[in-house]
Each structure stands twice: as structure tokens, then as C-alpha cells.
Amino acid sequence: MIPFSPPRIDQKVVDEVSAALLSGWITTGPRTKLFEKRITEYAGCKATVAVNSWTMGMQVLLHWWGIKAGDEVILPAYTYCASANVIVHAGAKPVMVDLNSDDFNINAEKVKAAITPRTKAIIAVDIAGFPCDYEALYKVIEEKKSQFQPTNDLQGKLGRILLISDAAHSFGATMNGKRTGVLADISTFSFHAVKNLTTAEGGAVCFNLPDSFDAEAIYKHFCTLILHGQNKDALAKTQKGNWRYDVEEPGFKCNMTDLQAAIGLVELDRYQENLDRRKHIFEMYENGFANESWALLPKYKDERRETCYHLYLLRVKGVTEPQRDAIMQQIFDRDVSVNVHFLPLPTLTAYKKRGYKMEDYPETWNKYSNEISLPVYFDLTDDQVKTVIHAVKEAYAAVIKD
Ligand SMILES: *Cc1c(COP(=O)(O)O)cnc(C)c1O
């Protein structure tokens, strides 16, 4: 069976995690701090806070920004549930918006139509690793600036809607020569086991706010917020006699450990190699399906943007959702694992119950109903890619007999 996206775990990772385990420091410590520094350098952002998941990084971010009951946060209807769940937990209303027709990302004009005086943030999701049109989103935010109603000093200081990037898929993707991490005000990465770069579980929040914000001060504040609001972490307390601490406000508990950072440092060191391999796999799929009239190939590059080759979202022209499911079953029967990214939020019980209706997001349905995600990962060999391509073609022919 060809798996869908196993992590790249080899002796190098084992050695680095063993070294961390035996170092005498297993929670947040020197490796986590180094990992944060390396991500800041790689992304080119002003500061990075490592956390235990994208989800908790985003939860703390929404808390820090002052999101509360009565507020609205805009996001695409087509994303993983985490993007919406954090908004619900903050007490605010997720306002779902439909997609562009030519890619899987949120549509800026539809965002514009959804903005109200209650809109405090936009979470744009770089689906499959392809960056959203952040230039168009900033333009819309600027156009709606006079409507913005800040409810705290931080929001007053920015004076507009905060643009957040859900960069869970897009570590290393670029727009106008800049990497994700600096394309929005704040970007959040996921280092979950299936993502391009993994720490088993983990995430990072990258700050790129305007220069009027003190990035170092925000970094320090965030470090306390992810550790109960305690003003001294375990590492600081190891200094002789430095035991007394204070809690300035009740915080969360979602720091990254040095064991996770040890994996992340290895992954980051060889990330380019990973990107190159993934790009090669994308190109093999592209060539493999180029002559199939039924194959709708995903956009992963344009004049401004290039993906980080996270997910290959193949679509099958003209098929219904049950036909797509049948094709997937045929692919599985040929020992190839495939997936769907994603079940649209309005199809999930939690969001149906909150009144969201699938028919309000036709482009999302159009993308979802005929989509099949193919395996992409470093250890996938050329022969396996050929097997996948062959299995998909056979599966299509088995289901669609014309
Ligand atoms: C994986 C994922 C998340 C959640 O990441 P965690 O690190 O598991 O919390 C959020 N958004 C998108 C689009 C994802 O794919």
C-alpha cells in the first residue's frame, strides 16, 4: 500500500531527538529558542513564537488581538475545521466566504462584501501551499478602513482589520520573491505530522506587523501567554536564585518542547531538499495527467506566486460527489492512499447546526465535489508516482464507462 503522507523519520531525526532527551532539557529550552530563530531567518519575519500546534497558536493569537463575543472573523468555507473552531472558542462568529474560480483560495471581492463594522480579522488559508492573493486582500482592507471599529488599544493602533495567514500548508511558499511568514500581518504554521515540515505536533506564529509595533515586546508577551501568563519560563528560573515569578493575566499552556524542536531543526536543515523532491513529484503528476481530457490540474504557480508543493489537488471534470467517492475507492483497491482536502465547513454537523448552508458557497462545492488529493512526500519514489498515476487512470476508466 502506498501511504498518503508518512513523515520522514530516519536515523538523523532519531539521533537528534536522543541528543535532546539526554541533554537534561526536554521542555521549552535552547532547541526551541534556536528553532524560533531559524524560522525567523528563513521566513524573513520580525519574530517567531513556537507552540504545540497551529490550533493553539491561533487561539492565543485571537485572544491577544482581543477577539470576543460580538466580533466577526472572515475565513474561507473551504478549509480544515481548525480554522473555524478557534473563532468559535474565542466567542466570535466565523463569517465564511467562497473561493476564487481559478484556485482553491478565498476570493478577495467576496471578502469585501462580507466585511462589516464587527469584522476584526481575516484568516486567509493558503490551501495546498499556494499563497492567497495577499495584495488583493490588503487592498480590500484598506478600502474598508473607515468602517473599522477598534475595541481595544492594539486594534486602535493598527486602525484596520488584522490580516492573518493560515499558513498551515504553505511553509516555504513564495509571493513576489518573499516567503510565507511575511505575506500577512501575522502567519501561523502547522508542524503536524502530515505537513511539509513536521515536529510530530507543533506550530509557529510569525509576526510581521507594521514597524510601529515593537516585535520584541510582542514576542515576550506571547511567550508568557503560551505559558499560563507566567513572566518567567523554566529556563529563566534555572538561573541561580531566580525562582520568584508573577502571573500578570491568566494565560494558556501550549509551549513547544525541545524534543519537538529537535525534529524541527533537522527538518528545517534539509527543507530545500524536501521542496525539490515535492516539486519533482508535482511535475510528474502534471505530465502524467496532461493528456487526460477529464483531468483538471491544480494551479500551483503564477507570475507572482509559487507553492511549497504540499498537496496535489487533482480534480475530475464533470463527476458527481458519489462518482468521485467511487473513483477513490477504486484507487484504494489498487493499494494507493488518496484523500480529500477538505470537507467544506458547511457540510460538517457542527457548522450546519450553526446555520451555515452549503448552497451559499457554490465555488467551494464545485472544488470539493470532484477533488482527489494524491500522495506527495519526500520518500515517495518515481516508481510509486507512476503507480499512483496508473491507478488513478484505471480507477477513472472503471467508474466512468462511456
Ligand atoms: C493542519 C491544519 C491546521 C491545524 O494545524 P494543527 O497544527 O494540527 O493545529 C489548520 N489549518 C489548516 C488549513 C490545516 O491543514
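Indexing begins at 1, ligand by ligand and atom by atom, following the structure's order.
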### Query
Salt bridge or not for Arg305 and Asp133, using N-O below 4.0 Å?
no
### Query
For ligand 1, which atoms sit closer than 4.0 Å to a heavy atom of Ala168?
2 (C), 3 (C), 10 (C), 11 (N), 12 (C), 14 (C)
### Task
Could you tell me how the ring of His169 sits relative to the ring of Phe342: parallel (under 30°), tilted (30 to 60°) or perpendicular (over 60°)?
parallel
### Query
Is it true that Lys37 and Glu41 make a salt bridge, defined as a side-chain N closer than 4.0 Å to a carboxylate O?
yes
### Message
Considering both backbone and side-chain atoms of His192, is one of its nitrogen or oxygen atoms within less than 3.5 Å of a nitrogen or oxygen in ligand 1?
### Response
no
### Query
Taking the six-membered ring for Trp, are Phe213 and Phe207 ring centroids under 6.0 Å apart?
no
### Task
Assess Ser83 for proximity to ligand 1: is some non-hydrogen atom of it under 4.0 Å away?
yes
### Message
Below 3.5 Å, N or O to N or O, backbone or side chain included: is there any such pair between Thr55 and ligand 1?
### Response
yes
### Message
For ligand 1 and Asp166, I'd like to know whether there is a polar contact (N/O to N/O, distance under 3.5 Å).
### Response
yes
### Task
Using a strict 4.0 Å threshold on nitrogen-to-oxygen distance, state whether Glu216 and Lys220 make a salt bridge.
yes
### Sub-4.0 Å atoms of ligand 1 with respect to non-hydrogen atoms of Ser53
7 (O), 9 (O)
### Message
Among all the protein's non-hydrogen atoms, which is closest to atom 1 (C) of ligand 1, and how far away is it?
### Response
Lys195 NZ, 1.6 Å
### Task
Check each atom of ligand 1 against the heavy atoms of His169 and keep those under 4.0 Å away; list them by number with element.
13 (C), 14 (C), 15 (O)
### Query
Just which atoms of ligand 1 are under 4.0 Å from any heavy atom in Tyr80?
2 (C), 3 (C), 12 (C), 14 (C)
### Query
So which heavy atom in the protein is nearest atom 7 (O) of ligand 1, and how far is it from that ligand atom?
Ser190 OG, 2.7 Å
### Message
I'd like to know whether the aromatic ring centres of Tyr285 and Tyr300 sit less than 6.0 Å apart in this structure.
### Response
no
### Message
Quick test of your reading of the model: are Asp15 and Lys12 salt-bridged, counting only N-O distances below 4.0 Å?
### Response
no
## Note on the structure
ligand 1 to Phe342, heavy atom cutoff 4.0 Å, flagged ligand atoms 15 (O)
#### Entry: Which of the ligand 1 atoms, numbered from 1, are nearer than 4.0 Å to a heavy atom of Gly202
7 (O)
### Task
Scan Leu380, Val385, Leu275, Asp382 and name whichever one has a side chain to side chain contact (heavy atoms under 4.5 Å, CB included) with His280.
Asp382
### Query
Between Lys33 and Glu36, is there a side-chain N and carboxylate O pair less than 4.0 Å apart?
yes
### Atoms in ligand 1 flagged as close to Val125, the criterion being non-hydrogen separation under 4.0 Å
13 (C)
#### Entry: Enumerated ligand 1 atoms positioned under 4.0 Å from heavy atoms of Thr79
13 (C)
